[in-house]
Enquirer: 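Here it is, the structure, as structure tokens.
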Amino acid sequence: MLKNAASGSPTGQEVAAGEGVFAQLSGLMNPKSVAVVGASNRSDGWSGMAVPVLRRLGFAGRIFPVNPKYEELNDLKCYPSVSAIPEPVDAVLIFVPQKLLPEILEDCGSKGVRGAVILASGFSETGEEGRAMEETLREIANRNRIAICGPNCLGLANLDSGFMGLTAATFPEDMSAGRTALISQSGQLLMVLLARAHDQGVRMRYLVSTGNELNVEAADYASWALDDPEIASVCMNLEGLRTPSRFMALAEKAQAVEKPLIVLKLGRSKRAARTALAHTGKMAGAFRTYEAVFRQNNVVSVDDPMELAEAAALFEKCPPPRGERIAVVTFSGGWSGVMADQCEALDLPMADFTEKTVDGLRPLLDFTPPVNPLDLSGNVNNHPERWGQSLKIALDDENTDILVVFIHQVRKSWRGRLIGPVLELSETADKPIIVVYDGGKVVEAGYEQLARDGRLPIYRGSQQMLKALKRFTDYHKRAKRPVDDGMGPQIPADAGARVDALLAGGGRTMAEDVAKQALLAYGLPMVGETLVGSEADALRAAEAIGYPVVLKGLADGMEHKSDAGLVHLKLGDGDAVCRAYADLAEKLAGHTLNGKPAPCLVQKMVDGGVEAILGMQNDPDFGPMILVGVGGVMTELLNDVALRRAPLSRTDVAEMIDETRLGRLLAGYRGSPVADRAALEDAVLRLSALSVAHQDAIESIDINPVLVLPEGEGCVAVDALIIKPEDEA
């Protein structure tokens with residue numbers, strides 16, 4: 001689907017077509033009748049296996065084989081075409097060569113088919129000829145309001161209804177429906193993830209290989225799945241976003257229905273920033289942009305394909321936690337130490353047992369202390385009843401939010417006495433219980449027993465469990481964030497018109513003084529300054545501003561003035577100004593600024609304060625991305641910044657500041673004065689408002705440094721850079 005270049009949103013015509021197709025998704029995802037076009041009697045291919053598989057999985061709807069070569073297949077009447085079927089047809093599985101597809105889709109349209117799965121490849125992924133064929137199919141599908149899965153995909157499945165339109169070499173033996181949807185732009189990765197999730201006891205409800213996304217995108221399938229009350233989470237493997245605005249609408253919907261999106265975004269590091277002129281452009285890369293958008297919209301972002309299943313297990317099998325404090329029960333002192341170290345590294349707090357808990361545990365222990373992590377040592381062998389008793393006491397502790405149970409290498413005869421009490425406890429628990437069953441192939445049977453039972457999330461190792469648990473607790477913590485009041489700073493009524501007039505000037509890079517006028521129009525505080533073109537003008541300006549002052553040279557191609565030696569600080573008198581001006585005049589000889597001789601800028605010297613950077617990068621997918629972090633000349637080296645998509649809320653701004661060292665610096669680091677954080681937050685919100693209002697005309701903004709003065713004294717920007725898009729310059 002094409003996008004408006006500026007907004008990333010589909011056009012009105014495209015939205016209408018998309019909404020029409022989305023209304024058909026139930027026919028594709030949950031059909032009551034299915035036609036198999038190209039059905040055959042081959043037992044070694046999906047054209048012959050599709051009908052038997054539908055029957056084996058218990059699909060209760062009507063099945064119609066379609067192939068003019070046969071009169072009957074699999075004890076069912078076979079029809080020469082879809083339009084020849086005398087009953088309504090919701091969905092069609094198409095197993096025919098590419099060249100036959102336009103005719104078949106037209107036939108489906110005349111029949112009123114709602115959805116079709118096109119498995120064939122050889123379309124836009126192959127070049128111009130394939131792209132043209134894909135456009136032909138898109139036109140036919142949209143005109144007839146047929147929702148298409150594919151082409152170039154493995155298909156889809158609804159395991160609750162038994163509808164299997166998914167082609168693959170192997171499937172897990174148990175294909176019963178669970179509470180998780182898995183939607184992948186990679187077909188083979190979908191099948192790997194299905195197998196790994198199954199190994200972990202996670203059962204899928206919907207499976208979708210989206211392929212080339214002819215007229216239904218990954219976000220559309222996910223949105224449809226969120227409407228199912230049985231769905232606990234939606235897992236997505238994304239290579240790209242065809243229409244970013246659809247994904248943003250999906251993320252908003254997921255928050256509204258309180259169901260997590262768990263997303264693996266591939267290729268986050270490949271797309272370079274659109275410009276290298278601004279610090280913000282260099283630091284707001286693809287990875288950081290996606291992470292920021294996900295965090296802002298409480299999307300659970302994972303780094304590895306297997307993490308999808310590991311995180312989904314918690315959302316499917318655990319109640320929401322009250323907090324994030326973990327209690328660990330094990331029978332190994334070594335693993336107690338491992339857990340303590342790993343929890344600290346991931347910033348996951350461990351519960352401190354209350355006195356009541358300590359008193360209850362002490363009689364159950366021989367020589368180990370009643371502390372968390374709790375090591376029961378040999379009690380699991382000598383006094384097996386103490387295992388279940390200890391688990392319950394640890395879980396019931398008022399400081400315990402989550403219970404993690406470690407089961408290690410044990411004899412086969414011990415398996416029941418360890419697994420049984422954990423499962424029994426889970427039947428009445430209102431807190432998450434997680435099992436780590438570790439020990440390799442020697443204890444694999446015990447792991448598989450818990451996976452088959454399916455009641456508890458189970459992991460083979462502590463590291464992957466804790467990483468998934470961190471995603472789980474962070475999601476629930478962000479879901480409880482206070483709702484912002486929506487009241488931003490008051491923007492002057494004429495701000496937009498003033499900035500538009502300034503942006504109409506020539507040149508891709510706005511002169512610093514002009515950039516500051518644009519920012520000042522929206523109320524961002526700027527240092528007092530005067531543009532000068534001679535030594536005499538510089539002296540008069542310095543006297544008017546008041547010493548000490550700063551002298552800067554401005555020239556095209558020298559956006560980072562400190563690096564070019566064009567900044568003189570702390571000029572305390574006229575002689576210092578004259579010397580500095582002479583140096584700059586020599587360096588600027590022959591240089592211009594927007595076609596005129598390069599000038600200088602005299603500024604008031606502002607001492608002290610915490611240095612911050614504010615910025616905006618207009619991302620091609622998500623629009624204006626606002627950057628906040630530690631500023632100054634070391635900005636890029638430190639790279640300590642946070643990013644969010646505009647428009648920002650006050651909660652967004654507060655989180656951004658606290659994500660970086662800037663939060664600690666503003667709070668009065670090592671005896672320095674507490675800085676005016678409120679003034680900085682106000683400036684960020686004003687930058688957000690400007691960026692949204694003028695996103696079509698601005699590519700990047702840098703304000704570095706912003707000096708945040710002691711509390712009550714405000715903040716002030718001393719340098720600024722605004723870059724316009726190349727085609728706007």
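Here the structure is a predicted model, which is why all the values come from computation and not from measurement. Positions are given from 1, in the same order as the sequence printed here.
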Enquirer: Taking ring pair (Phe, Tyr, Trp, His ring centres under 6.0 Å) as the cut-off, I'd like each qualifying pair that reaches into residues 652-711, sequence neighbours left out, listed once.
Expert: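 For residues 652-711: Y522-H694.
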Enquirer: Are I701 and L687 close enough that some pair of their side-chain heavy atoms sits under 4.5 Å apart?
Expert: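 Yes, side chains in contact.
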Enquirer: How long is the straight-line distance from CD1 of I183 back to CD of E217, given to the nearest 0.5 Å?
Expert: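 Rounded to the nearest 0.5 Å, the CD-CD1 separation comes out at 12.0 Å.
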Enquirer: Measure from the side-chain N and O atoms of D676 to the backbone N and O of G712, and report whether any donor-acceptor pair falls under 3.5 Å.
Expert: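 Yes.
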Enquirer: Could you walk me through whether E529 and K604 pass the salt bridge (Lys or Arg N to Asp or Glu O under 4.0 Å) test, one step at a time?
Expert: CA-CA 6 Å; E529 61 187 26; K604 178 66 179 175; over 6 Å; no
Enquirer: Taking it one step at a time, do Q342 and Q463 satisfy side chain to side chain donor-acceptor pair (under 3.5 Å)?
Expert: CA-CA 7 Å; Q342 290 179 344; Q463 189 69 36; 3.1 Å; yes
Enquirer: What are the two closest heavy atoms between L593 and L554, and how far apart are they?
Expert: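 What the structure gives for the nearest pair is CD2-CB, 3.9 Å.
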Enquirer: Can you tell me how far apart OH (Y581) and CG (L551) are? Round to the nearest 0.5 Å.
Expert: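 Separation between the atoms: 8.0 Å.
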Enquirer: Could you tell me whether E239 atom CD has more than 12 heavy atoms of other residues or ligands within 6.0 Å of it?
Expert: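 For E239, atom CD is crowded (more than 12 foreign heavy atoms under 6.0 Å).
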Enquirer: Does this structure show an ion pair linking E310 with K467, if we count only N-O contacts that are shorter than 4.0 Å?
Expert: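 Salt bridge between E310 and K467, a charged N being under 4.0 Å from a carboxylate O: no.
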Enquirer: Answer yes or no: is there a donor N or O on one side and an acceptor on the other, between the side chain of Q185 and the main chain of G240, under 3.5 Å?
Expert: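 The answer is yes, because a donor-acceptor pair under 3.5 Å joins these two groups.
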Enquirer: Which residues pass the side-chain contact (heavy atoms from CB on, under 4.5 Å) test with A501, not counting sequence neighbours?
Expert: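 Partners of A501 under the side-chain contact (heavy atoms from CB on, under 4.5 Å) test: none.
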Enquirer: For E291 and R295: C-alpha separation, side-chain torsions, deciding distance, then whether salt bridge (Lys or Arg N to Asp or Glu O under 4.0 Å) applies.
Expert: CA-CA 6 Å; E291 286 294 295; R295 183 179 181 88; over 6 Å; no
Enquirer: Specify the closest pair of heavy atoms between G631 and N704, including all atoms of both residues, with the distance to one decimal.
Expert: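 Closest heavy-atom pair between G631 and N704: CA-OD1, 3.4 Å.
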Enquirer: Determine whether a donor-acceptor pair (N or O, by modelled atom type, separation under 3.5 Å) exists between the side chain of E324 and the backbone of D474.
Expert: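 A pair under 3.5 Å: no.
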Enquirer: Sequence neighbours excluded, which residues qualify as salt bridge (charged side-chain N to carboxylate O under 4.0 Å, His left out) partners of E135?
Expert: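 Listed in chain order: R138.
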Enquirer: May I ask you to decide if G507's main-chain N or O and K724's side chain share a donor-acceptor pair within less than 3.5 Å?
Expert: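 Flag set: sc K724 to bb G507 pair under 3.5 Å.
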Enquirer: Looking at CG of L643 and OG1 of T660, how far apart are the two atoms once the value is rounded to the nearest 0.5 Å?
Expert: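 The OG1 atom of T660 is 12.0 Å from CG of L643, to the nearest 0.5 Å.
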Enquirer: Once rounded to the nearest 0.5 Å, what's the spacing between atom OH of Y290 and atom CZ of F247?
Expert: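 Between atom OH of Y290 and atom CZ of F247 there are 8.5 Å.
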Enquirer: Looking at every non-hydrogen atom in both residues, tell me the closest pair between A675 and V610 and how far apart they are.
Expert: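 Closest approach of A675 to V610, heavy atoms only: CB-CG2, 4.1 Å.
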Enquirer: Thinking salt bridges, do R471 and D303 make one under a 4.0 Å N-O criterion?
Expert: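 Between D303 and R471 there is a salt bridge, with a charged N closer than 4.0 Å to a carboxylate O.
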Enquirer: From K570 NZ over to D607 CG, what is the distance, rounded to the nearest 0.5 angstrom?
Expert: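 If I round to the nearest 0.5 Å, the distance is 5.0 Å.
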Enquirer: Verify, without hydrogens or angle tests, whether Q603 (side chain) and V527 (backbone) share a donor-acceptor contact under 3.5 angstrom.
Expert: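 Answer holds: no.
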Enquirer: Tell me if a side-chain donor or acceptor on E125 pairs with a main-chain N or O of F123 at a distance below 3.5 Å.
Expert: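 Side chain of E125 to backbone of F123, a donor-acceptor pair under 3.5 Å: yes, one is there.
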Enquirer: Is any side-chain N of the basic residue among E512 and K561 closer than 4.0 Å to the acidic one's carboxylate O?
Expert: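 Salt bridge between E512 and K561, a charged N being under 4.0 Å from a carboxylate O: yes.
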Enquirer: Under a 4.0 Å threshold between the charged nitrogen and the carboxylate oxygen, would D682 count as salt-bridged to R686?
Expert: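 Here R686 pairs with D682 in a salt bridge, since their nearest N and O are under 4.0 Å apart.
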Enquirer: Could you walk me through whether L264 and V302 pass the side chain to side chain contact (heavy atoms under 4.5 Å, CB included) test, one step at a time?
Expert: CA-CA 5 Å; L264 171 66; V302 298; 3.8 Å; yes
Enquirer: What pairs with R644 under salt bridge (charged side-chain N to carboxylate O under 4.0 Å, His left out), at least two apart in sequence or on another chain?
Expert: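 Partners of R644 under the salt bridge (charged side-chain N to carboxylate O under 4.0 Å, His left out) test: E655, E659.
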Enquirer: Going by salt bridge (charged side-chain N to carboxylate O under 4.0 Å, His left out), name the residues that satisfy it together with D513, two or more places apart in sequence or in a different chain.
Expert: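 D513: no salt bridge (charged side-chain N to carboxylate O under 4.0 Å, His left out) contacts found.
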Enquirer: With a 4.5 Å cut-off on side-chain heavy atoms, are V628 and V653 touching?
Expert: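 The answer is no, as the side chains (C-beta and beyond) never meet within the 4.5 Å cut-off.
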Enquirer: Is there a side-chain contact between M510 and L502 (heavy atoms, below 4.5 Å)?
Expert: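 M510 reaches L502 side chain to side chain.
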Enquirer: Show the numbers, then the answer: is there a salt bridge (Lys or Arg N to Asp or Glu O under 4.0 Å) between E134 and R131?
Expert: CA-CA 5 Å; E134 191 168 306; R131 189 173 294 111; over 6 Å; no
Enquirer: Show the nearest heavy-atom pair for residues N215 and R246, with the distance to one decimal.
Expert: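 Scanning both residues, the minimum pair turns out to be O-NH1, 4.2 Å.
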Enquirer: Tell me if a side-chain donor or acceptor on T210 pairs with a main-chain N or O of E213 at a distance below 3.5 Å.
Expert: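 Checking the backbone N and O of E213 against the side chain of T210, no donor-acceptor pair under 3.5 Å is found.
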Enquirer: Find the distance between SG (C235) and CG (L308) and round it off to the nearest 0.5 Å.
Expert: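 Separation between the atoms: 5.0 Å.
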Enquirer: Could you pull out the closest heavy-atom pair between I626 and M616, with the gap in Å?
Expert: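 In terms of heavy atoms, the two residues are closest at CD1-CG, 3.8 Å.
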Enquirer: Could you list all the ring pair (Phe, Tyr, Trp, His ring centres under 6.0 Å) pairs where at least one residue sits in residues 591-614, not counting sequence neighbours?
Expert: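 Counting only pairs at least two positions apart or across chains, no ring pair (Phe, Tyr, Trp, His ring centres under 6.0 Å) contact touches residues 591-614.
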Enquirer: Do F294 and K265 come within less than 4.5 Å of each other through their side chains, counting heavy atoms only?
Expert: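 They are in contact (side-chain heavy atoms under 4.5 Å apart), so the answer is yes.
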Enquirer: Side-chain contact test, heavy atoms from C-beta onward, threshold under 4.5 Å: evaluate it for L680 versus I657 and give yes or no.
Expert: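 The answer is yes, as the side chains (C-beta and beyond) meet within the 4.5 Å cut-off.
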Enquirer: Please check: side-chain N/O of R661 versus main-chain N/O of D640, any donor-acceptor pairing under 3.5 Å?
Expert: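 No.
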Enquirer: Determine, stepwise, if the pair V692 / L690 fulfils side chain to side chain contact (heavy atoms under 4.5 Å, CB included).
Expert: CA-CA 6 Å; V692 171; L690 183 154; over 6 Å; no
Enquirer: Do D619 and R288 meet the salt-bridge criterion of a basic N to acidic O distance under 4.0 Å?
Expert: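 Looking at D619 together with R288, the answer is no, because their closest N to O distance does not fall below 4.0 Å.
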Enquirer: Evaluate side chain to side chain contact (heavy atoms under 4.5 Å, CB included) for L519 paired with I703, printing each intermediate quantity in order.
Expert: CA-CA 9 Å; L519 296 167; I703 315 172; 3.8 Å; yes
Enquirer: Less than 4.0 angstrom from a charged side-chain N to a carboxylate O is my criterion; do D575 and R579 meet it?
Expert: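 Salt bridge flag = no for R579 with D575.
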Enquirer: Determine whether K552 and V567 make a side-chain contact, defined as any pair of heavy atoms from C-beta on separated by less than 4.5 Å.
Expert: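 A side-chain contact exists here, since the closest heavy-atom pair is under 4.5 Å.
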Enquirer: Walk me through it: do V577 and Y547 pass the test side chain to side chain contact (heavy atoms under 4.5 Å, CB included)?
Expert: CA-CA 10 Å; V577 170; Y547 292 104; 3.7 Å; yes
Enquirer: When you compare the side chain of L261 with that of N297, does any pair of heavy atoms fall below 4.5 Å?
Expert: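 SC-SC contact between N297 and L261 ruled out.
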Enquirer: Find out whether F622 and M248 are in side-chain contact, i.e. whether some heavy atom of one side chain is under 4.5 Å from a heavy atom of the other.
Expert: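 Yes. Closest side-chain heavy atoms under 4.5 Å.
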Enquirer: Is the closest basic N to carboxylate O distance between E699 and R508 below 4.0 Å?
Expert: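 Judged by the 4.0 Å cut-off on N to carboxylate O distance, E699 and R508 do form a salt bridge.
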Enquirer: For D347, does the CG atom have more than 12 heavy-atom neighbours from other residues, nucleotides or ligands under 6.0 Å away?
Expert: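 Open.
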Enquirer: Is E543 salt-bridged to R540, cutoff N-O under 4.0 Å?
Expert: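 Salt bridge: no.
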Enquirer: So, the side chain of N212 versus the backbone of L214: is there a donor-acceptor pair under 3.5 Å, distance only?
Expert: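 Flag not set: sc N212 to bb L214 has no pair under 3.5 Å.
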Enquirer: Counting only N and O atoms by type, is there a donor-acceptor contact under 3.5 Å from the side chain of R481 to the main-chain atoms of R478?
Expert: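 At least one qualifying donor-acceptor pair exists.
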Enquirer: Compare every heavy atom of P599 with every heavy atom of L531, then report the nearest pair and how far apart it is.
Expert: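 Of all heavy-atom pairs spanning L531 and P599, the closest is CD1-CG, 3.9 Å.
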